[in-house]
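Inspection log for the structure reproduced underneath, given as structure tokens.
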There are 2 protein chains.
Amino acid sequence: MATRTDAPTRREQILKEAARLFAERGFHGVGVDEIGAAVGISGPGLYRHFAGKDAMLAELLVGISGSLLTGAKQRLKEAEGAAAPGTVLDSLIEGHIDFAIDDRPLITLHDRELDRLRDTDRKLVRQLQRQYVELWVSVVREVYPALAEPVARSAVHSVFGLLNSTPHLTRPGSLPGRTATAALLHRMARGAFAAAAEAE
Amino acid sequence: MATRTDAPTRREQILKEAARLFAERGFHGVGVDEIGAAVGISGPGLYRHFAGKDAMLAELLVGISGSLLTGAKQRLKEAEGAAAPGTVLDSLIEGHIDFAIDDRPLITLHDRELDRLRDTDRKLVRQLQRQYVELWVSVVREVYPALAEPVARSAVHSVFGLLNSTPHLTRPGSLPGRTATAALLHRMARGAFAAAAEAE
DNA sequence: AGGAGAGGTTAGCGGTCGTTAACCTGAAGG
DNA sequence: CCTTCAGGTTAACGACCGCTAACCTCTCCT
């Protein structure tokens, strides 16, 4: 991963603040003036960087689904044959947790504002999401061959619900601590999958 | 439970359709004209039944949190001392699943549109939600005494995320079937709690 | 020196939305 | 029979919002 040390571009600032605001108050609940104000410019100045409010949401959602999928593919490739299937699943879980903890606003948007997208963008995002899900499903079924495919798919969606609960957990920097929270979520996800496979 | 056979009142029709629409397109994404049209009257006619759009959302959210809490208290009382703690937890899980499966739009609103409420209503809903969570936490800690309280609370929130994933599951009346889905979610929730308690 | 373009600004238009006002109508009650 | 009132209707207002237009001002590049 090419770690970035340089300052974020204006576009990136805007996307970050827009994500936060959209997550807090919903897409329709945020005005362009507010987004502008959050980055120190005002209202219509945003249109020098984005075609419109819709375009910001689209870029955010496509970006999220894309990087989730890319990250998962990367982790799958690193495990390439050698590692035990359980290890690969652990790696997927770890990647998703990192994302859910570090980018809460994006995780929130991800399953909340999808329907506000234009048809073409929505289809793209849905396709990326579906690929991501199917990738998980195949790994889960390697670890638990007893799981029928539709059941495995339901289980994966439910575990996403579990992992994506981070925005409801105590505010960032609170008692449990990041690593402890990550470990807890990881254990629970594993336990949930194991239970799904029992006596199906 | 007093089963209702009589026709729903107009107020109830409105609330039901409003819940569906709010869940589909978000509170700000739905106009009063659409809500009216969904029940066969038009726009401002709604104001004979509700003080405003906000009031509809408030009544929905207060109603949800209230009946979740009431149902949980009821189940707790029925178990009164006699039953094993694990049985009580199973009962709580079952109640929540029934709700999550049968009232998907409400479950969606429940954790999505809370911030659109007026201060006073929001505080009320949050208080009901907190009571509900604390009730779960105490039951969970009876079953798994090793769990520290903050960890148990996080685990409860995460399991809610898992159970509330129903809207993402295959559309109503699809393959897995209601009882199979309920059983799967139940197993997974139990497995997640058990895993949370392991080697904490 | 002098365009040119990137990145701002403010003013304002057009549409939408929540809400109110004013009016209508059918059914129930004395 | 006439009043009342619950539950509708349409018209319209005021506010807000996304977006465009027109203009300004630096910073390069040649």
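Each chain gets a letter, A, B and so on, in the order its sequence line appears, and its residues count up from 1. Being a predicted model, the structure only gives us computed values, none of them experimental.
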Derivation and outcome, salt bridge (Lys or Arg N to Asp or Glu O under 4.0 Å), residues B:D90 and B:R75 = CA-CA 10 Å; B:D90 281 328; B:R75 287 167 181 273; over 6 Å; no

Roughly how far, to the nearest 0.5 Å, is the [atom2] atom of [Y] from the [atom1] atom of [X]?
{"X": "A:F99", "Y": "A:R104", "atom1": "CZ", "atom2": "CZ", "answer": "13.0 Å"}
{"X": "B:F27", "Y": "A:H28", "atom1": "CZ", "atom2": "NE2", "answer": "12.5 Å"}
{"X": "B:L61", "Y": "B:R112", "atom1": "CG", "atom2": "CZ", "answer": "12.5 Å"}
{"X": "B:R48", "Y": "B:I14", "atom1": "CZ", "atom2": "CD1", "answer": "12.0 Å"}
{"X": "A:L57", "Y": "A:K53", "atom1": "CG", "atom2": "NZ", "answer": "9.0 Å"}
{"X": "A:L163", "Y": "B:L162", "atom1": "CG", "atom2": "CG", "answer": "9.0 Å"}

Apply ring-ring contact (aromatic ring centres under 6.0 Å, His included) to B:F193 and list each qualifying residue two or more places apart in sequence or on a separate chain.
->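 Result, ring-ring contact (aromatic ring centres under 6.0 Å, His included) vs B:F193: none returned.
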
Between [X] ([atom1]) and [N] ([atom2]), how many Å, whole number?
{"X": "B:Q13", "N": "D:dG7", "atom1": "CD", "atom2": "P", "answer": "12 Å"}
{"X": "A:H28", "N": "D:dC16", "atom1": "NE2", "atom2": "P", "answer": "19 Å"}
{"X": "A:I14", "N": "D:dG18", "atom1": "CD1", "atom2": "C1'", "answer": "16 Å"}
{"X": "A:K53", "N": "D:dC17", "atom1": "NZ", "atom2": "P", "answer": "9 Å"}
{"X": "B:F50", "N": "D:dG8", "atom1": "CZ", "atom2": "C1'", "answer": "16 Å"}

Using the six-membered ring wherever Trp is involved, compare the ring planes of A:W136 and A:H96 and label them parallel, tilted or perpendicular (cut-offs 30° and 60°).
->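 Perpendicular: the ring planes of A:W136 and A:H96 meet at over 60°.
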
Given that B:F27 and A:I41 both sit by DNA chain C, which one's nearest nucleotide is further toward the 5' end?
->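 It is A:I41 whose nearest nucleotide is closer to the 5' end.
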
Pairs under 3.5 Å (N/O, protein and nucleotides 11-15 of chain D):
none

Under 4.0 Å, heavy atoms only, any strand: does [X] hit a base, just the sugar-phosphate, or nothing?
{"X": "A:G45", "result": "base"}
{"X": "B:V39", "result": "nothing"}
{"X": "B:G43", "result": "nothing"}

How would you give the extent of chain A contacts on DNA chain C, as first and last nucleotide 5' to 3' within a 4.0 Å heavy-atom cut-off?
->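 Boundary nucleotides touching chain A, in 5' to 3' order, are C:dG7 to C:dA11.
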
